[in-house]
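See structure below.
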Amino acid sequence: MTPRKDSRNFDGQKGVTLKELTIVLILIGVLAAVALPRFSNLNADAISDAETLKSTLRYVRTRALSDIYTWQLQVAGSTLTVQRNTATPTSYTIAFTTAGVAAGTTTFDNRGQPTGTLSYAVTGYPSSPVTITTGTGFVP
């Protein structure tokens with residue numbers, strides 16, 4: 001008598017086990033976690049330049065609020081110049097990592113109110129442009 005073939009017997013069939021499927025999914029997840037940041041369009045240098053611009057705008061506004069003279073911020077090329085507008089102006093310069101910040105000049109009076117350029121485009125910065133609120137000089 002020959003043994004009866006059970007319909008639940010899977011001998012000889014090939015397939016993927018749950019263990020193999022889990023390992024493949026874990027590998028895909030690890031590769032995605034490593035590869036996606038490399039291909040994202042966020043530019044670290046542009047983010048750094050935008051944050052430098054924002055913090056310097058806030059600094060200049062704060063200095064102008066505590067002074068009788070106006071303070072000015074000027075962007076030209078890859079440099080940012082801060083100047084105290086007196087009879088003998090004093091200034092200092094900061095270098096940007098890139099030349100991706102749009103040129104412009106903003107002046108703050110002793111009430112912190114800005115005049116001049118109120119919006120600076122930063123190439124590669126996801127939240128571009130960096131803006132200055134008209135009446136108050138607030139930089140978000």
Side-chain angles (χ1 to χ4, degrees):
M1 186 171 196
T2 60
R4 197 171 118 192
K5 189 155 185 152
D6 189 1
S7 62
R8 292 176 289 167
N9 188 356
F10 295 105
D11 288 339
Q13 292 186 0
K14 296 192 182 210
V16 179
T17 66
L18 183 59
K19 188 177 185 180
E20 292 169 331
L21 183 62
T22 304
I23 291 172
V24 168
L25 289 175
I26 289 172
L27 287 174
I28 289 172
V30 168
L31 289 174
V34 171
L36 284 179
R38 293 179 186 252
F39 294 110
S40 71
N41 57 0
L42 296 179
N43 184 346
D45 290 339
I47 293 170
S48 173
D49 287 348
E51 293 301 321
T52 299
L53 174 64
K54 290 189 323 187
S55 66
T56 306
L57 281 165
R58 291 177 187 129
Y59 170 77
V60 170
R61 179 179 176 268
T62 302
R63 292 301 306 259
L65 283 167
S66 63
D67 201 343
I68 61 171
Y69 296 103
T70 61
W71 282 70
Q72 184 177 58
L73 177 137
Q74 181 176 14
V75 176
S78 62
T79 61
L80 179 148
T81 303
V82 173
Q83 178 174 310
R84 181 177 183 225
N85 296 322
T86 63
T88 55
T90 55
S91 65
Y92 66 91
T93 302
I94 299 172
F96 287 123
T97 308
T98 68
V101 182
T105 302
T106 303
T107 303
F108 290 92
D109 64 13
N110 62 352
R111 294 179 311 229
Q113 295 179 339
T115 56
T117 306
L118 299 178
S119 180
Y120 291 89
V122 181
T123 305
Y125 182 56
S127 300
S128 188
V130 173
T131 57
I132 306 164
T133 306
T134 305
T136 62
F138 175 72
V139 179

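A quick note: this is a predicted structure, and the numbers were derived from the prediction, not measured.
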V60 reachable from I68 in the ILVMFWY side-chain graph, under 4.5 Å edges: no
Rounded distance (nearest 0.5 Å) linking atom CD of Q72 with atom OG1 of T106: 8.5 Å
Distance (rounded to the nearest 0.5 Å) between T97 OG1 and I47 CD1: 11.5 Å
Considering all heavy atoms, the nearest S128-A121 contact: OG-CA, 3.5 Å
Any side-chain heavy-atom pair of E51 and Y125 under 4.5 Å: yes
Polar side-chain atom of T117 near backbone of T105 as donor-acceptor pair, under 3.5 Å: yes
Side-chain heavy atoms of L73 within contact of L53, under 4.5 Å: yes
Reported CD1-to-CG distance for the pair I23 and L18, which is rounded to 0.5 angstrom: 10.0 Å
Any residue meeting side chain to side chain contact (heavy atoms under 4.5 Å, CB included) with T115, in chain and number order, not counting sequence neighbours: T107
Any donor-acceptor pair under 3.5 Å from D49 side chain to V122 backbone: no
Test log, rule side-chain contact (heavy atoms from CB on, under 4.5 Å), inputs R61 and L65: CA-CA 6 Å; R61 179 179 176 268; L65 283 167; 3.9 Å; yes
Derivation and outcome, side-chain contact (heavy atoms from CB on, under 4.5 Å), residues T62 and F108: CA-CA 9 Å; T62 302; F108 290 92; over 6 Å; no
Shared hydrophobic cluster for Y59 and L57 (ILVMFWY, side-chain gaps under 4.5 Å): yes
N/O donor-acceptor pair under 3.5 Å between S48 side chain and A44 backbone: no
Path from V16 to L25 over hydrophobic side-chain contacts below 4.5 Å: yes
OH on Y69 to CG on N110, rounded to 0.5 Å: 11.5 Å
Spacing of T70 atom OG1 and D109 atom CG [to the nearest 0.5 Å]: 8.0 Å
R58 side-chain N/O to V139 backbone N/O, donor-acceptor pair under 3.5 Å: yes
Which atom of A46 lies closest to which atom of G124, heavy atoms considered: CB-C, 3.6 Å
Shared hydrophobic cluster, Y92 / F96 (ILVMFWY, side-chain heavy atoms < 4.5 Å): yes
Identified side chain to side chain contact (heavy atoms under 4.5 Å, CB included) counterpart of T56 within the set T81, L80, V75: L80
Rounded distance [0.5 Å steps], CD in Q83 versus OG1 in T93: 9.5 Å
Polar side-chain atom of T133 near backbone of G135 as donor-acceptor pair, under 3.5 Å: no
Beyond-backbone contact of T131 with P140, side-chain heavy atoms, under 4.5 angstrom: yes
